[in-house]
**Student:** 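I have a structure I would like to understand better, so I am pasting it below and will then ask my questions one at a time.
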Amino acid sequence: MKLARRIERLGTENAFVVLAEVTKLKEQGRDIVNFGVGEPDFDTPSNIKKAGIKAIEENFTHYSPPAGVPDFRRSIAKYISKTRKIEVDMDNVIVGPGTKPIIFYAISALVESGDEVVYPNPGYPIYESLINYVGGKAVPLALIEEREFSFDINDLKRAVSDRTKMIILNSPQNPTGGILSGDDLQAIAGLAIKKDIWVLSDEIYSRIIYEGQFESIISINGMKDRTILIDGFSKIYSMTGWRLGYGIMRKDLIKHMINLNTNIVTCTATFTQYAGIEGYEGSQEDTYRMVDEFKARRDLIVSGLNDIKGFKCLTPKGAFYVFPNVTEACRNLGLKDSKELQQLILHEGNVAVLPRTSFGSRNTEEREEYIRLSYATSRENIIEGLKRIKKVVEK
Ligand SMILES: Cc1ncc(COP(=O)(O)O)c(C=O)c1O
């Protein structure tokens with residue numbers, strides 16, 4: 001079989017590979033504590049579910065316009081205008097089946113073969129995968145533990161060149177839980193404006209934040225017309241399986257994204273979009289409760305991890321991930337890297353975590369080892385999982 005070369009360049013999201021392995025082990029009767037997967041364990045709030053059911057019963061089961069249901073786009077525009085303190089209207093909004101397609105659309109519409117794209121590393125693996133897929137050059141921007149997983153401005157300056165077409169940001173961040181400060185964003189905006197670079201700002205965890213203030217680069221003067229903001233319903237409303245996300249961008253760019261929707265998916269499920277209207281317009285109580293619970297779990301998991309020999313874990317300010325440094329544990333156990341530790345923890349400890357290698361290519365000089373744990377699971381699971389990891393690592 002002779003495949004197109006681009007398909008060989010496409011990476012994957014290892015969380016789903018580990019999930020398949022966990023499912024197989026579970027089928028064999030193994031009891032696995034799963035810190036691998038990045039989705040809230042809460043149910044979709046009942047008012048949103050009811051709105052979705054009502055929409056089906058009222059026969060909103062046909063195609064919607066490719067850009068999205070107008071009332072939903074208006075509701076998103078209102079939400080973004082308020083939360084990001086900018087003026088946008090429905091024509092700046094494209095709805096997609098999740099935020100992932102919008103990431104793909106933005107990269108494929110703007111990045112030519114050979115163009116450079118600066119992306120966070122460690123980071124959400126889909127960025128690197130899609131940059132490579134379209135033939136762009138993926139330029140990693142290291143996120144540094146000592147800086148609470150922000151970047152060094154000198155690294156950013158070195159990463160940007162005359163060929164840089166786009167900088168990708170993600171704050172709060174997967175996999176580290178770090179957030180970018182106002183100063184970080186100002187530095188990026190300054191460079192983007194000076195060098196005429198697009199910014200793709202993935203803000204899917206913007207409301208899962210425990211300390212500090214969420215800030216968006218799109219709010220900075222001069223950034224609105226060069227920012228593609230993406231956000232969605234998967235995380236904050238526990239709607240991963242509904243598939244609902246959107247992008248905000250200038251109107252002369254959005255028409256190409258809408259055309260991509262037309263070519264690829266036609267539209268997002270119409271009743272799902274009606275559920276989304278209820279998400280933004282209805283009660284937010286469930287989201288507050290969920291974020292409070294995540295904060296308690298974060299504190300529990302951070303203190304438990306710091307109690308394991310050879311683990312060192314910062315307290316992240318956002319998202320629902322921790323990214324402990326496990327360099328010393330690997331050394332103590334005679335393991336080559338975090339991948340070997342992940343396998344040991346899975347097969348001997350019956351606990352699923354993800355290794356550093358799941359979050360972008362490693363620089364050859366990188367010496368530190370990390371794993372990611374998602375604490376979107378119950379406190380009982382967290383306590384049990386930590387007990388098992390401790391047993392394996394300190395044996
Ligand atoms: C940083 C980041 N962006 C995007 C997504 C994809 O979300 P969606 O379900 O909206 O496609 C995820 C999901 O894990 C994520 O962590």
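In what follows, residues are counted from 1 in the order of the sequence shown. In listed order, ligands and their atoms are each counted from 1.
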**Student:** Between Ser150 and Glu148, is there a side-chain donor-acceptor contact under 3.5 Å, judged purely by atom types and distance?
**Tutor:**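 No.
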**Student:** Of the protein's non-hydrogen atoms, which lies at the shortest distance from atom 5 (C) of ligand 1, and what is that distance?
**Tutor:**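 Ranking protein heavy atoms by distance from atom 5 (C) of ligand 1, first comes Tyr124 OH, 3.3 Å.
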**Student:** Which of the numbered atoms in ligand 1 are below 4.0 angstrom from a heavy atom of Gly98?
**Tutor:**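 So the answer, numbered in order with elements, is 10 (O), 11 (O).
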**Student:** How close does the nearest protein non-hydrogen atom get to atom 13 (C) of ligand 1, and which residue and atom is it?
**Tutor:**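 For atom 13 (C) of ligand 1, the nearest protein heavy atom comes out as Lys235 NZ, 2.8 Å.
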**Student:** Would you say Arg388's side chain and Val392's backbone share a donor-acceptor pair under 3.5 angstrom?
**Tutor:**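 No; judged by distance alone, with no hydrogens or angles, the pair does not exist.
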**Student:** Can you name the atoms of ligand 1, numbered from 1 with element, that are less than 4.0 Å from a heavy atom of Arg243?
**Tutor:**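 Taking each heavy atom of Arg243 in turn, ligand 1 has 8 (P), 9 (O), 11 (O) under 4.0 Å.
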**Student:** Can you list the ligand 1 atoms lying under 4.0 Å from a non-hydrogen atom of Asn170?
**Tutor:**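 Those of ligand 1 that fall under 4.0 Å from Asn170 are 1 (C).
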**Student:** Thinking salt bridges, do Arg250 and Asp252 make one under a 4.0 Å N-O criterion?
**Tutor:**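 Salt bridge flag = yes for Asp252 with Arg250.
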**Student:** Do the charged groups of Asp155 and Arg158 touch, with an N to O distance under 4.0 Å?
**Tutor:**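 Here Asp155 pairs with Arg158 in a salt bridge, since their nearest N and O are under 4.0 Å apart.
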**Student:** Report the nearest protein non-hydrogen atom to atom 9 (O) of ligand 1: residue, atom name, distance rounded to 0.1 Å.
**Tutor:**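 Result: Ser234 OG, 2.7 Å.
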**Student:** For atom 2 (C) of ligand 1, tell me which residue out of Ile168, Asp202, Val37, Ile102 has the closest non-hydrogen atom.
**Tutor:**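 Considering heavy atoms of Ile168, Asp202, Val37, Ile102, the nearest to atom 2 (C) of ligand 1 sits in Asp202.
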**Student:** What protein heavy atom is closest to atom 7 (O) of ligand 1, reported as residue, atom name and distance in Å?
**Tutor:**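 Of every protein heavy atom, Thr99 OG1, 3.2 Å lies nearest to atom 7 (O) of ligand 1.
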**Student:** Ignoring hydrogens and angles, state whether a donor on the side chain of Ser303 or Asn306 is under 3.5 Å from an acceptor on the partner side chain.
**Tutor:**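 Note: Ser303 and Asn306 side chains miss the donor-acceptor criterion.
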**Student:** If the cut-off is 4.0 Å to any non-hydrogen atom of Tyr127, which atoms of ligand 1 fall inside it?
**Tutor:**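 Those qualifying, in numeric order: 1 (C).
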